[in-house]
Amino acid sequence: MAVAGLIFSNIHNSSMPELTSVRTMASVPYGCRYRLIDFPLSNMVNSGISKIGIIAHNNYQSLMDHIGTGKDWDLARRSGGIRILPPFIASYNSANGGKLYTTRLEALMGVTSFISKCTEEYIVLSDCDGICTIDLNEVLADHIKKNADITIVTRPVSEKKDIPSDGATEIKCDENGFATEVSAYIEHDRPANISTNIMIANRLFLLNAVNDASAHGYSHFYKDIIARRVKSARINCYQYDGIYLQITSLESYFRCSMQLLEPEVRHGLFVEENPIYTKLRNSAPTVYAEGSQVKNSYVADGCVIEGTVENSIIFRGVHIGKGTVVKNSILLQDTYTGDNVNLNCVITDKNVVIRNNRVLSGHESMPFFISKGAMV
Amino acid sequence: MFKKKECVAMLLAGGQGSRLYALTEKTAKPAVSFGGKYRIIDFPLSNCINSGVDTVGVLTQYQPLVLNDYVGNGLPWDLDRAIGGVKILPPYQGKNGADWYKGTANAIYQNMQFIDMYSPDYVIILSGDHIYRMNYNKMLQYHKKMNADCTIAVIDVPIEEASRFGIMSVDDEGKIFKFAEKPKNPDSTKASMGIYIFSKDCLFKYLTEDAADPKSSNDFGKNIIPAMLANGQRMYAYSFSGYWKDVGTIDSLWEANMDLLGEEPALSLNDESWRIFSRHSAHSPQYVGPDAEIKNSSITEGCDIYGTVRNSVLGSGVTVMPGAEVIDSVIMDDCVIGAGAKVCYSILDSGVKVGSGATVGKDRAEAKGIAVIGTGIIVPDNSAVADGAMINNSDDLVKEA
């Protein structure tokens with residue numbers, strides 16, 4: 001299939017500073033063993049895409065560690081494969097004083113050389129803050145069938161809590177699925193279809209649109225590229241009704257993680273024919289000790305559980321000590337809890353150590369966050 | 001092209017492992033699952049890469065499909081290399097006819113050309129029968145220090161078990177002066193682990209002589225080692241202490257799996273400095289249901305546990321339905337234990353489906369032996385598989401029930 005992929009790794013960092021101060025949105029750990037980028041990346045790989053560029057902005061060391069050569073996604077290729085596209089500042093961007101890009105469109109302007117060097121007919125674009133398992137081949141088939149210039153995957157929303165904090169784009173369509181009106185989604189209590197920021201574009205259409213926007217000094221992707229072309233171009237909408245989790249804040253990260261304990265969410269994200277790939281760690285299986293008591297929890301490999309765990313998400317290499325009770329919490333990789341610790345509604349970042357007898361509690365609406373490497 | 005390697009490993013992986021019965025019906029022994037997410041061959045392959053040996057020939061013969069597919073290009077072990085890496089070496093047809101590998105020594109003899117490609121100074125011979133973590137590089141340093149022609153890794157075994165092994169008698173310096181294969185009255189407790197390092201030229205000389213001898217059974221233990229000893233070659237024993245277990249029988253395979261459990265497990269695989277690598281598919285994490293009860297068990301990614309699991313080792317993608325019980329058992333990949341079913345003191349090969357309400361095996365205290373069910377077999381609802389039963393195909397099952 002003649003499709004290349006482009007992933008925006010940092011674009012929503014500001015919405016969750018707790019977890020993104022030390023990493024990109026793309027490399028935020030999620031779901032016991034994954035990073036957020038594993039979902040768009042696996043969706044692309046499972047659709048047969050073998051050339052993927054990842055647009056990086058800042059803090060992308062953890063992202064590079066995670067991606068490595070791309071082996072774990074079968075993307076260590078002689079031709080194509082995966083490449084990280086670091087920010088490109090010097091030359092033509094002097095108009096804004098050589099600053100890093102701040103918008104989606106500026107990010108695309110920085111990677112026009114990647115887009116123009118691709119020989120693929122289509123480009124798939126995706127962000128990292130929305131978690132879904134989508135068959136991109138179906139989107140592409142719709143795109144081709146409707147002879148569209150660009151196809152935007154939309155999803156229905158009705159509640160405020162599903163909306164990205166840095167704004168969402170509402171798209172109204174005609175009966176054939178072509179966009180008639182593109183606007184910012186402001187009244188957050190009204191049902192609407194908003195963009196998931198997953199798109200398939202004809203490569204040359206995208207390239208021309210970005211170059212044209214660059215020449216005019218435009219900066220907003222939806223306002224300046226999509227909305228201006230509603231009449232002149234064929235802007236198609238693909239309605240996605242499957243499981244879609246939008247991370248907009250630490251509180252929503254907590255909620256989206258806990259939703260993994262619901263079978264329909266798990267089965268919607270982890271389907272046999274669309275596996276989600278991630279960096280392998282070769283941890284041993286998880287050992288449940290004689291005194292362990294685990295209920296309704298999602299657990300990765302490489303853990304040693306000697307205490308009680310309920311309604312929690314446990315990442316790789318976590319240790320739960322004897323007499324320790326962990327409830328409604330998310331413990332990121334290599335969190336170590338000593339004996340007789342009590343945790344409720346806590347999120348620990350990587351390598352956190354919680355010493356014996358500590359009692360920590362947050363609330364669902366405000367989980368207690370412990371930053372990377374801290375010792376309590 | 002210059003591609004010299006100091007040491008090349010040759011891994012004997014062609015054995016049938018007939019004492020594993022149903023488990024090796026369709027796979028070679030080295031490809032038998034172990035410890036939830038591993039296969040036996042992961043141990044020698046991981047030891048190789050962790051010891052800095054990056055060129056490994058894997059000699060296959062019996063039922064190689066699963067093994068070939070598993071080893072593949074060696075990616076999981078970092079053995080996908082431009083020069084060296086892992087290579088599968090099946091028996092082949094030569095100018096003077098084709099031959100199966102007639103014995104362990106003959107298998108290496110037929111692949112001397114492969115070894116010569118890398119002009120190594122040393123060759124290490126390994127087998128795919130054991131669970132252990134060992135630094136081959138330390139053994140190689142010992143071999144060099146002793147200026148040996150052959151170094152054999154040995155482990156101390158209890159004297160009452162010594163007659164099951166090849167026993168080395170050594171002097172104070174570690175030099176071997178006597179070798180006895182399964183002696184009735186052992187005079188040493190140093191058992192051969194089946195791991196040999198040879199200086200290449202010496203190995204080739206003895207392999208060639210052995211191949212020319214029509215009476216030889218072309219075996220390292222029976223022919224090569226005794227011949228070298230008789231000729232006064234410098235042969236040394238390298239003592240290894242640590243976990244080492246032959247998993248050639250149903251009982252020993254079960255025991256080795258159980259060694260992963262307990263308060264102080266005899267074998268812990270969580271050591272980051274000596275990781276055991278394995279090839280596995282992309283499974284989601286393990287989900288433990290609201291009424292699940294898991295005690296003293298090892299559980300792998302992709303499992304869905306709604307029932308009870310005690311003293312057991314579960315592979316990836318295993319489902320234990322509500323009300324089901326798995327006790328004292330080894331359950332390999334992708335098995336499904338139906339609602340209310342009970343599996344005791346058993347080994348289930350991959351893809352076995354136990355119907356709801358069925359029972360497999362008996363409580364360990366009263367069982368005759370371990371019940372074993374071969375890959376992909378479906379145990380009907382509410383049926384029973386007796387303790388100690390060996391189920392190779394569904395027809396056996398009907399008889400049992």
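Note on naming: letters A, B, ... go to the chains in the order of the sequence lines (proteins, then strands), and numbering restarts at 1 for each one. Values in this document were obtained by computation on a predicted structure and should not be read as measured data.
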Determine, stepwise, if the pair B:Lys37 / A:Asn282 fulfils side chain to side chain contact (heavy atoms under 4.5 Å, CB included). CA-CA 9 Å; B:Lys37 70 196 291 190; A:Asn282 283 285; 6.0 Å; no
Greatest number of non-hydrogen atom pairs under 4.5 angstrom with chain A, of B:Gly302, B:Pro290, B:Ala282, falls to B:Pro290
Note: A:Pro285 and B:Gly36 closest approach over all heavy atoms is CG-CA, 4.5 Å
Are more than 12 heavy atoms, taken from residues, nucleotides or ligands other than A:Arg77, located less than 6.0 Å from that residue's CZ atom? yes
Go through the atoms of A:Leu280 and report whether side chain, backbone, both or neither lie under 4.5 Å from a heavy atom of chain B. side chain
Greatest number of non-hydrogen atom pairs under 4.5 angstrom with chain B, of A:Thr286, A:Asp301, A:Ile276, A:Val309, falls to A:Asp301
Are the side chain of B:Asn270 and the backbone N or O of A:Ser283 linked by a donor-acceptor pair below 3.5 Å? no
Measuring heavy-atom distances to chain B, does A:Arg281 have an atom under 4.5 Å in its side chain, in its backbone, in both, or in neither? both
Considering only heavy atoms, which portion of B:Asn311 lies under 4.5 Å from any heavy atom of chain A: side chain, backbone, both, or neither? side chain
Of all the heavy-atom pairs spanning B:Tyr38 and A:Ala284, show the shortest one and how long it is. OH-CA, 3.2 Å
Check: B:Lys295 side chain, A:Ser292 main-chain N or O, donor-acceptor pair, under 3.5 Å: yes
A:Val304 versus chain B, heavy atoms under 4.5 Å apart: side chain, backbone, both or neither? side chain
Counting only non-hydrogen atoms closer than 4.5 Å, does B:Ile276 touch chain A with its backbone (N, CA, C, O), its side chain (CB onward), both, or neither? backbone
Keeping the roles fixed (side chain from A:Lys295, backbone from B:Ala292), state whether a donor-acceptor pair exists under 3.5 Å. yes
Selection from B:Val313, B:Val288, B:Leu261 maximising heavy-atom pairs under 4.5 Å formed with chain A: B:Val288
For A:Glu364, look at atom CD and say whether over 12 heavy atoms of other residues, nucleotides or ligands are found less than 6.0 Å away. no
Could you tell me whether A:Glu264 atom CD has more than 12 heavy atoms of other residues or ligands within 6.0 Å of it? yes
Between A:Arg33 and B:Ser284, which heavy-atom pair has the shortest distance, and what is it? CD-C, 4.3 Å
In Å, rounded to the nearest 0.5 Å, how long is the span from NZ of A:Lys71 to CG of B:Asp78? 5.0 Å
Please flag which part of A:Phe315 lies under 4.5 Å from any non-hydrogen atom of chain B: side chain, backbone, both or neither. neither
Contact winner vs chain B - A:Cys303, A:Cys32, A:Pro275, A:Ala289, heavy-atom pairs under 4.5 Å: A:Ala289
Greatest number of non-hydrogen atom pairs under 4.5 angstrom with chain A, of B:Ile294, B:Leu260, B:Leu269, falls to B:Ile294
Assess whether atom NZ of B:Lys87 is packed by more than 12 heavy atoms of other residues, nucleotides or ligands within 6.0 Å. yes
Side chain proximity check, B:Val309 to A:Tyr288, heavy atoms < 4.5 angstrom: no
Okay, A:Tyr298 and chain B: the region with an atom under 4.5 Å from a heavy atom over there is both
So which of A:Val287, A:Thr278, A:Val299 has the largest heavy-atom pair count under 4.5 angstrom toward chain B? A:Val299
Considering residues, nucleotides and ligands other than A:Glu290, do more than 12 of their heavy atoms fall under 6.0 Å from its CD? yes
